[in-house]
Structure formats: structure tokens, C-alpha cells
Amino acid sequence: MKKILKYTIAVVLMAFSAASCESFLDVDSKSAFDPNDVFSSYDLAEGSVLGIAEVFAETNSYRGRFLSWSGLNSDIEWYNTYKPTDEKYQIAGYSLLPNNGQLNLSNGPFPSMYTGIERANLIIENLRNLEGLKDKADMAYLLGEALTLRALLYYDVTKTWGDVPARFSSVDGSTIYVAKSSRDVIFKQILADLDEAIPYLPYPGATALTSRTDRINKVFAEGLYARIALLASGYAIRPDDGMIGTGDLGTVRLSNDPDLQKSVLYPKALEYLRDAIRSKSASLEDFETMWRNQSNLNNLTAGPGYESLYVIPFSAGRGRWNYTFAVRSEKSSYAGGAAVTRGGDAGPVPTMWFNYDPADTRRDITCVNWRWNADDEQELAGIQRWYFGKYRFEWMLGNNKYVGGNDDGVKPVVMRYADVLLMAAEIANELGYLTEAKEYFLPVRERAFKGNEEMAQEYVAAITGKDEMFNAIVDERAFEFCGEMLRKTDLIRWNLLKTKMDEAIADMKALRSLSGKYANVNGLDGDVYVQMDNDKVVVYGFSGENTTPKGDWTKKAGYFTKVQDSKGADTGLYDDLVEHGLYNADPIQHMFWPMFIDTMTNSQGAIKNDYGYDSI
């Protein structure tokens, strides 16, 4: 009840935020509350900070729109239905338009994010003015939390839209309508904000609040600094300097800002990551156990021995993560009872499972080629339709069981310790510290090869140069984070987006014809044989077996080799799916979402599109 009261207070206190839930440009009247009273009380101030995170749960914000689509498509993840006229496919397939019915909403992700930003602006201004703040650890923590949440919101906005309005003070009558700013202005401010915030934040597990993954801690903030530094110093499509908001097509390039070069940002980012690692306040967990526990809605523990650093703080009755991404349920009881069909809107690309080493324990957790049917039995889904096995309704047990409806309560992981290690490896490698990079890389690889750790050790020991280490990191991030929607942003900043997606398309063609690196996948002329084993499906024929198995197996004839046209069976890697499933427009030109018509209309013409999108 106390937490509910805090959220209620937060909503009331934020009523005078200029960024309303209807539109971030609609200005509400000032609240009758005196900010001095609010921010001199810890409980009221904390309630206000919790109000920033409230925007995550709004119906068409992170809950039902942003998290569902912002990371698709990449070379390892895709929307599981190819239909050019489907507005959901258009979002994932880089053919998104400013009038898209899923996102052109007055309460969509963009205005909702600016609601949170405006709330954070107000809180930060008032907490910074609090007398004796640095001597009040609890209030200083709230300022650090507000600064970090604002940085997270701006990170998500810029990675999705590119250049956007920069608002770092609460709106007044003279600043209602503002044009887009260079994202570089935003990057520099939120990095400075994190510099300010990090000393205020305890390590995971050090306090009651930082022992929870739904509250901000120091290691997450340090990791977020590194994540932003990687984005800011990386490649992306950018209008020419001075041409933002003019309709400029842009070119893929690095920032020209001297403050955002790798040589400037990486040393500090690495120091933060080194501190996070030295603190031993987070660690890698067993891979399967971690993902099973993630489906436990009450599993919010952070600190030594735990991997998750921060999760989207959905309540038990909010959020649509498993609803969208879990292993598909076709009217099975594992999705809330009879006649419930949920999950599987997106999944790994069909080649992903085959790219893992067979000894990699992440493979069968991450890539699932079966679904639940109405008889609560597993059935093969078709070679082109894979699901993210990290997310499963059947892992939601007891009081956490999904019981139907549009929300499941699963709290998506924003960052975990494996990302801290791999970011540290990438940055150390770029700075010329190969030995140090290998030290950070190795634990992730060893965890993946549980029971075969010597294979991981030999793999890392064989890496002898910077380019080789970089390529290993590119691959490792694919294997480690498939289904966590980090890949698209990684590929953009590496300038590998279309290159890697084209490689995935070529791989799908090779898989379909059992040629190239997939020539030895099947020795059975495209047939596979299946057995069901509790919550797993055992498939004979995926790994190059060349004899007919003995025992109780079900034959699936021509599983690999069927080629269907656009009207073909659901099990085929048909031509249109392979050619256009990943993208149906230029992914380089459309790596960012457009500004939507509702946003541009409400800006009174201040906000316009670039990158070749129309401006109303």
C-alpha cells in the first residue's frame, strides 16, 4: 500500500509537468503543491522519482509499443511474420512510415518518454537546490536515480530516433515548442549527468534499495555510461552539421564533435567498468537458472552472486514481454488456460541455432524450434519459425503463473553483468589492452561452455590481435544477447547493420539448400526426427546425423529442403521470406524511426523529419 501511495503522490506532483501523457508539448497548469515541501520530505521526493519510471508502464509506451519493436530486425532476431502490408512488420522491416497506426499515437513511446524526461527535469532541479544535499545520502541517492533514469530515457530516444529535442530544464511558456537538437548535445549532457550521479549511488546489494533490480545502482549507472559512450562514438546516419530538421538524407558517419571521440570517451568508460568489475557486487549466474528466475515476478534481487543490474519495473499485472516474445502457445494451458494464444511474435533468425557451437549451453536456451499446442504438447514450429527460449510461460510458476490477458508482469532486463564484461572487453581492446580485454571476455565464454571450459580457454588463448578480438566480440554479443534486442544498436554503431543482415540472408539461402557451411547439417535429405522430452524437443538431423535413428522418433520429411512461394506452407523458407523478411526497405537509410505525424503536428511545425521521411 505504501508503494501504491507513493506512485499516486508522484502522479499528482507531476501534474504540472509540461510533458503530459497525451502529448509532451501540451502544458498543464502548475500544481498547488509547494516544491520546497515536496523535496524536503524523503517519502514525497522518492514518490516523485518513482513517477519517472511510471511512464514505462503506460499502455502505448515501453509496455506495448517501444519494447515490442525497438530492437527489430537484426542479423540474429526478426519479426516472425512476413507481410508487407502489416504495420507491425513494417516497423521491424525498415519500411516504417510517419503515419504508422501502431506508433503514430498521442500517447505513444515518443511523447511518453518526454513525459518521463520532463518529470526528471523537475525533480533534478529541485533536488540540486536542496541545502546540504551531499550530507544527506538518502536524498543524494534520489538525485542519482533521477539523473540515471533521465539518461536511460535519452539513450533510448536517441538510439531510436537519432536527433531529437534536447530538454534539460523544466518547460515554461517560452520553451514549449522546440526543434530537434544534435544528438551530440544530448550525449554530452547525459554523460555529464552520469558523472554526477555515480558517486551518489551505492553498489548492488549495499543498501536495501540497491538490493533490488527495479531500483538504480552504481554498477548499472557505470554500465550505462559505457553503453552511451559506445553509442556516441560509433557510426550512425547523421544529417550534415547544421542541417538537422531540414529533411537532410544524412550519411553514415562518426560524430565530428571532438568531445565524443573514442580517444576521449573510452578511457573514462573503461575506468567505470573496471570499478564495476573490481567491486564484485555483481557476477555471472548459471545461464539457464538466470533465465528461469527471470520469469519469477518476485525475483528482484541484486548484489553479489546475481547478474541482473536493472529491469523495467513493471508490476505483476503490467508489461507484455512474454506476451510478445515467449515460446509460442497455441491455446495451451502454459499460456493461462484454455484458448489462450500468446508469444512468438519475434524470434531468432532460422540460422542462429546452427551458428552456435554444439557445446555452447546458450544455444538450446536461446533458440527454440517448437511451440505448445492445445493439448499441452510440444510440436515443431517449422524451420523458419524459431522462438526465444529465454522467455517461457511454463517457467512462470505458482503465484507468478500467467493467467491470460494482455499483461504478464515479466520485467525485461535492461542490463546484466555479462554486458558489463563484454563492453569492458570491447573498450579495452580498442584502447590496445588485448590481455585485459581477454580477461573480461573469458568468463562469459567459460560460463557458456559449462562443463567444457577448456574449449573456451583455448578459444580465447588463440586470439592474438585487435581485429581478431573485435570479431570475436561481435560474434559473442550475438550468442550472449540474442533475444535481448541489443543487436540492432550494436550493428549500427559498428557500421555493420546491412552487411550482417545480408550475410544472414545468404545464410538462410544456404540453409534452405543445405549448402555452404550448412552442407553437413543434414545427412537425411532434409528429413529430421523428433522426440519430446519434458519441456524440450530433441531433434535428430539438425547436427549432421546421417543414419535413421532407432527407437520412438517421429519423422518430419523434407524439413530443411522445402521451398515455398509466398502462398506456400508455413514450414518453408520461401523466397519472399528469405529475400525480404529482414528488411523491405533500405535499413541504412531507415535505421532510425521517423518522427510521427502526431508529434510533428503537436510541435506546431518545430519538429520535422530527416533521413528521407516525409514531414507531414
Side-chain angles (χ1 to χ4, degrees), residues 70-77 94 151-152 154-164 182-188 190-191 194 223-239 250-270 272-273 414-415 418-431 437 440-441 466-467 469-482 484-504 582-583 586-593 610-611:
S70 65
L72 297 171
N73 283 345
S74 73
D75 63 328
I76 64 173
E77 304 145 333
Y94 299 87
L152 174 60
Y154 266 123
Y155 169 81
D156 283 342
V157 172
T158 52
K159 80 173 186 181
T160 306
W161 281 276
D163 300 304
V164 294
S182 167
R183 72 198 75 164
D184 291 348
V185 173
I186 294 172
F187 289 146
K188 289 193 287 187
I190 59 178
L191 288 169
L194 288 170
L224 183 59
Y225 186 100
R227 188 176 279 186
I228 293 167
L230 288 166
L231 183 69
S233 63
Y235 287 93
I237 193 167
R238 291 171 171 269
T251 56
V252 175
R253 60 182 178 87
L254 301 173
S255 170
N256 292 323
D257 192 310
D259 295 331
L260 297 179
Q261 305 308 303
K262 292 179 181 180
S263 59
V264 176
L265 295 182
Y266 278 20
K268 181 181 285 189
L270 183 58
Y272 279 138
L273 294 173
V414 176
M415 185 182 293
D419 200 5
V420 168
L421 290 171
L422 289 181
M423 286 192 293
E426 181 177 350
I427 293 172
N429 182 58
E430 182 64 28
L431 293 174
Y440 301 140
F441 184 94
K466 180 178 179 180
D467 290 345
M469 186 75 231
F470 172 76
N471 290 331
I473 290 167
V474 170
D475 290 342
E476 200 69 20
R477 289 187 67 85
F479 297 138
E480 181 69 23
F481 300 119
C482 181
E484 298 176 57
M485 310 307 170
L486 301 179
R487 184 66 168 182
K488 178 180 175 181
T489 301
D490 282 345
L491 294 180
I492 289 171
R493 65 184 180 81
W494 291 327
N495 198 19
L496 291 175
L497 180 63
K498 188 173 185 297
T499 298
K500 284 293 185 180
M501 287 200 290
D502 286 345
E503 288 178 6
L582 278 178
Y583 61 84
D586 184 0
I588 299 300
Q589 194 65 51
H590 289 166
M591 63 177 63
F592 294 129
W593 288 358
D610 293 307
Y611 324 124

Q) Does a sphere of radius 6.0 Å around OH in Y235 hold more than 12 heavy atoms from other residues, nucleotides or ligands, not counting ones at 6.0 Å or beyond? A) no
Q | CD1 on I186 to CG on L191, rounded to 0.5 Å | A | 11.5 Å
Q | CG on L260 to CD1 on I228, rounded to 0.5 Å | A | 11.5 Å
(Q) Could you work out, with ring-ring contact (aromatic ring centres under 6.0 Å, His included) as the rule, every residue matching Y583, not counting sequence neighbours? (A) none
Q) Listed by chain and number, what are the salt bridge (charged side-chain N to carboxylate O under 4.0 Å, His left out) partners of D502, not counting sequence neighbours? A) K498
Q: Report yes if some heavy atom in the side chain of R238 is under 4.5 Å from a heavy atom in the side chain of S255; otherwise report no.
A: yes
**Q.** Sequence-distant partners of Y272, side chain to side chain donor-acceptor pair (under 3.5 Å), two or more places apart
**A.** D195
Q.
Rounded at 0.5 Å granularity, tell me how far CG in L496 sits from CD1 in I492.
A. 11.0 Å
**Q.** Contacts of Y440 that satisfy ring-ring contact (aromatic ring centres under 6.0 Å, His included) - sequence neighbours left out
**A.** none
Q. L497 versus Y94: any side-chain heavy-atom pair under 4.5 Å?
A. yes
Q. Mind checking what makes salt bridge (charged side-chain N to carboxylate O under 4.0 Å, His left out) contact with D419, not counting sequence neighbours?
A. R227, R477
Q: Return the set of residues passing ring-ring contact (aromatic ring centres under 6.0 Å, His included) with F187 (not counting sequence neighbours), or none when no residue passes.
A: none
(Q) Just so I know, are the side chains of V474 and R487 near enough to count as touching, which here means a heavy-atom distance under 4.5 Å? (A) yes
Q) Got a sec, which residues hit side chain to side chain contact (heavy atoms under 4.5 Å, CB included) with K159, two or more places apart in sequence or on another chain? A) F66, Y155, D156, L231, T489
Q) Side-chain contact, heavy-atom cut-off 4.5 Å: M501 with P587? A) yes
**Q.** Side-chain heavy-atom pair C482, I76 within 4.5 angstrom cut-off
**A.** yes
Q) Nearest 0.5 Å, what's the OG-CG distance between S182 and D257? A) 7.5 Å
Q: Report the distance from atom CG of L491 to atom CE of M591, rounding to the nearest 0.5 Å.
A: 10.0 Å
(Q) Using the side chain to side chain donor-acceptor pair (under 3.5 Å) criterion, which residues pair with S70? Sequence neighbours excluded. (A) none
Q) Who pairs with A226 by side chain to side chain contact (heavy atoms under 4.5 Å, CB included), at least two apart in sequence or on another chain? A) A269, L273, M423, I427
Q) Taking atom CE of M485 and atom CG of N73, what is their separation to the nearest 0.5 Å? A) 9.0 Å
Q. Taking only residues two or more places apart in sequence, or in another chain, which ones meet Y154 in a ring-ring contact (aromatic ring centres under 6.0 Å, His included)?
A. F168
**Q.** Closest contact, heavy atoms only, L582 versus A504
**A.** CD1-CB, 3.9 Å
Q.
My understanding is that only residues two or more places apart in sequence, or in another chain, count here; which of them pass salt bridge (charged side-chain N to carboxylate O under 4.0 Å, His left out) with D259?
A. K188
Q.
Has N429 got a side-chain atom pairing as donor or acceptor with M469's backbone, closer than 3.5 angstrom?
A. no
**Q.** Pair R493 + E426, salt bridge at N-O below 4.0 Å
**A.** yes
Q. Going through the distances and angles, do E77 and K488 end up as a salt bridge (Lys or Arg N to Asp or Glu O under 4.0 Å)?
A. CA-CA 9 Å; E77 304 145 333; K488 178 180 175 181; over 6 Å; no
Q) Which atoms form the tightest heavy-atom contact between S233 and L254, and what is the distance? A) O-CD2, 3.4 Å
Q | L194 side chain reached by I190 side chain, heavy atoms, under 4.5 Å | A | no
Q | Under the side chain to side chain contact (heavy atoms under 4.5 Å, CB included) test, residues paired with Y611 that sit two or more places apart | A | D163, R183, I237, P239, Q589, F592, Y613
